[in-house]
Amino acid sequence: MTTFDADGVTLERVREYVWEIPQEEGMRVPARILASEALLEEISEDKTIEQIKNTTHLPGITNHAICMPDGHQGYGFPVGGVGALDAEDGCISPGAVGYDINCGVRMMRTNLTYDEVQGHEEELVDSLFANVPSGLGGGGIVEAGVDTVDEILARGVDWALEHGHAVEEDLLHCEDEGMREGADPDKVSQKAKDRGKNQIGSLGSGNHFLEVQRVTDVFDDEVGAAFGLEEDQIVVLIHCGSRGLGHQTCNDYLRKIEQQHKGLLDRLPDKELAAAPAGSQLAEDYYGAMNAAINFAWVNRQLIMHRTRKVFERVFDRSWESMEMDLLYDVAHNIAKKEMHTVNGAERELYVHRKGATRAFPAGHPEVPKAYRDVGQPVIIPGSMGAGSYVLRGGENSMDLTFGSTAHGAGRLMSRTQAKNEYWGGDVQQELEDQQQIYVKAQSGATVAEEAPGVYKDVDEVVRVSDELGIGDKVARTFPVCNIKG
DNA sequence: ATGTGC
């Protein structure tokens, strides 16, 4: 048997791209890492393997704890992790959702071609930067009172539709149609709402960005046509989350769990995996609050997208409708959701935690929007600002292998601190412009250094593994034109 | 990710 030794843990190769940490004392199930050998080498350089192993100690964990090919170390649970925990006798874990609740991506199509945009890059990037709020702290597209925040938390993108920031079709092309059921605004703290009320419609910082891209390759003509993608077409990618509101919500519930469920906490190998037992009041409260924060993030991305339509109208002097600026899809990559899955022939309700992992439901699944039902759910995988991104579709094997999930990005190779030692923001920007005609504008040079292309894994390799495993199949590739970030 | 730790 082929094995891989990673700092005291021996992984067994089950088959190509599937590595397993066999069950040992304390582990309720084996752990799996889905990766090529090259990616596994990179994954083994931080605490990812130890973390995915720890995750198998969570009560109710089903089949395997799974790490995606873009996995890296996170808070307790690795980024790129999937954990399906029984919704009746398992638990729910804020650290397995992530601090940025409903961090996710949406892609908007246009009918513009790269030729039509060339020569306007600087005007476009300047106008986007001036009109889409970004960076740390406050200042959003909408400044709201607490009553409005409550409505956004309860209704999601439906609120944006009522207030002129969306059209009907935007809702249909969003995961959960832009409104997660079971949101309970009363379970989101006043402090979280105060942090969120002036951040509605703002990118934030870190790896969040808005990028104008051109489609360079369509690998599957049939699915590409269903997604409305063709070569040379201009698209817009928006990557952001729930800002301070989600962060505060995660923090609030981690502290409550530590106080109220210390018994469970003491039996876990890492305090950062803190979890509320299924059926407890706190599990219900966190689920209601998390669902509300999910809605907040969808409104956030919706407002940014709609503002982008207005920016394009000014730059290209045409209506956004005439440029066919329609939402292709919006998909979350930091969430937990109660879902029914077939486990050993039986239907079970599970809290599926996807942290840095994207839902990738296959063709025919009832939760795939009608327009895409026959081909599979669109999956958007952002790469670095120098590499471009991918659109995949949910693959045939995703329900069997990964509870309907795949990767979420390129995955970091080094810490933010290390990145700042290796790169200088201004140099990175200049190089992108001179060598690749990519125009980047950011609030902070440090952020550009932290997000330099060299700090990321090879997105082509991540997507290749997803495609080979049949969990998410390659549909199209994009390349950056211009990018704004915090 | 984040009013960059509570």
Side-chain angles (χ1 to χ4, degrees), chain A residues 46-48 51 70-81 93-105 133-140 143-144 149 188-200 202-210 238-259 271-272 274 289-290 293-294 296-298 300-301 304 332-336 353-358 382 384-385 408-421 425 442-451 455-456 485-486:
Chain A
D46 60 21
K47 290 187 174 157
T48 313
Q51 289 187 332
D70 56 336
H72 62 95
Q73 183 181 329
Y75 179 90
F77 194 94
V79 177
S93 172
V97 170
Y99 266 92
D100 190 7
I101 296 168
N102 192 3
C103 183
V105 275
S134 65
L136 282 173
E143 303 281 324
V149 174
V188 176
S189 69
Q190 193 58 51
K191 193 174 175 186
K193 291 173 189 173
D194 280 337
R195 285 181 69 173
K197 70 186 179 193
N198 66 347
Q199 299 183 327
I200 307 162
S202 66
L203 279 173
S205 186
N207 63 354
H208 291 163
F209 62 81
L210 183 155
I238 295 163
H239 178 209
C240 61
S242 52
R243 304 289 330 273
L245 183 139
H247 188 271
Q248 187 65 45
T249 300
C250 180
N251 206 42
D252 288 343
Y253 281 91
L254 284 170
R255 300 294 89 80
K256 285 188 195 198
I257 289 169
E258 285 164 8
Q259 288 162 12
K271 170 176 166 301
E272 295 183 353
M290 180 203 62
I294 284 172
F296 184 90
W298 272 323
N300 191 25
R301 292 199 285 277
I304 291 168
H333 53 228
N334 269 16
I335 53 100
H353 297 68
R354 296 187 183 93
K355 177 187 182 180
T358 311
S384 76
M385 59 186 159
H408 86 305
R412 294 193 79 83
L413 271 176
M414 63 179 87
S415 70
R416 296 184 175 281
T417 314
Q418 196 186 339
K420 277 182 283 194
N421 289 331
Q443 298 284 354
S444 145
T447 304
V448 179
E450 289 172 3
E451 297 300 319
V455 316
Y456 280 95
K485 58 206 308 99

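The chains referred to below are lettered A, B, ... by the order of the sequence lines, with proteins before strands, and numbering in each begins at 1.
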**OP:** Determine the minimum heavy-atom distance between A:Arg416 and A:Glu451, stating which atoms define it.
**Re:** NH1-OE2, 2.9 Å
Original post:
Which pair of heavy atoms, one from A:Val97 and one from A:Met290, lies closest together, and at what distance?
Top reply: CG2-SD, 3.8 Å
Original post:
Could you give the CD-to-C1' distance, from A:Glu258 to B:dC6, as a whole number of Å?
Top reply: 11 Å
Original post:
Within this structure, what is the CD-to-C1' distance between A:Gln259 and B:dC6, rounded to whole angstrom?
Top reply: 13 Å
Original post:
Can you check the A:Gln248 CD to B:dT4 C1' distance for me, whole Å?
Top reply: 14 Å
Original post:
Roughly, in whole Å, what's the span from OH in A:Tyr75 to C1' in B:dT4?
Top reply: 15 Å
**OP:** Starting from P on B:dT2, measure out to OH on A:Tyr99 and report it in whole angstrom.
**Re:** 13 Å
Original post:
So does A:Arg416 get a side-chain nitrogen or oxygen closer than 4.0 Å to the phosphate oxygens (OP1/OP2) of B:dT4?
Top reply: no
Subject >> Test of ring centre spacing under 6.0 Å for A:His333 and A:His239 >> reply: yes
Original post:
Between A:His208 and A:Leu136, which is nearer to the 5' end of DNA chain B once each is assigned its nearest nucleotide?
Top reply: A:His208
**OP:** Indicate whether OP1 or OP2 belonging to B:dG5 is found under 4.0 Å from a side-chain N or O atom of A:Asn251.
**Re:** no
**OP:** Sort out for me which residue in A:His247, A:Arg255, A:Gln248 forms a side-chain hydrogen bond (donor to acceptor under 3.5 Å, both in side chains) with A:Asn251.
**Re:** A:Arg255
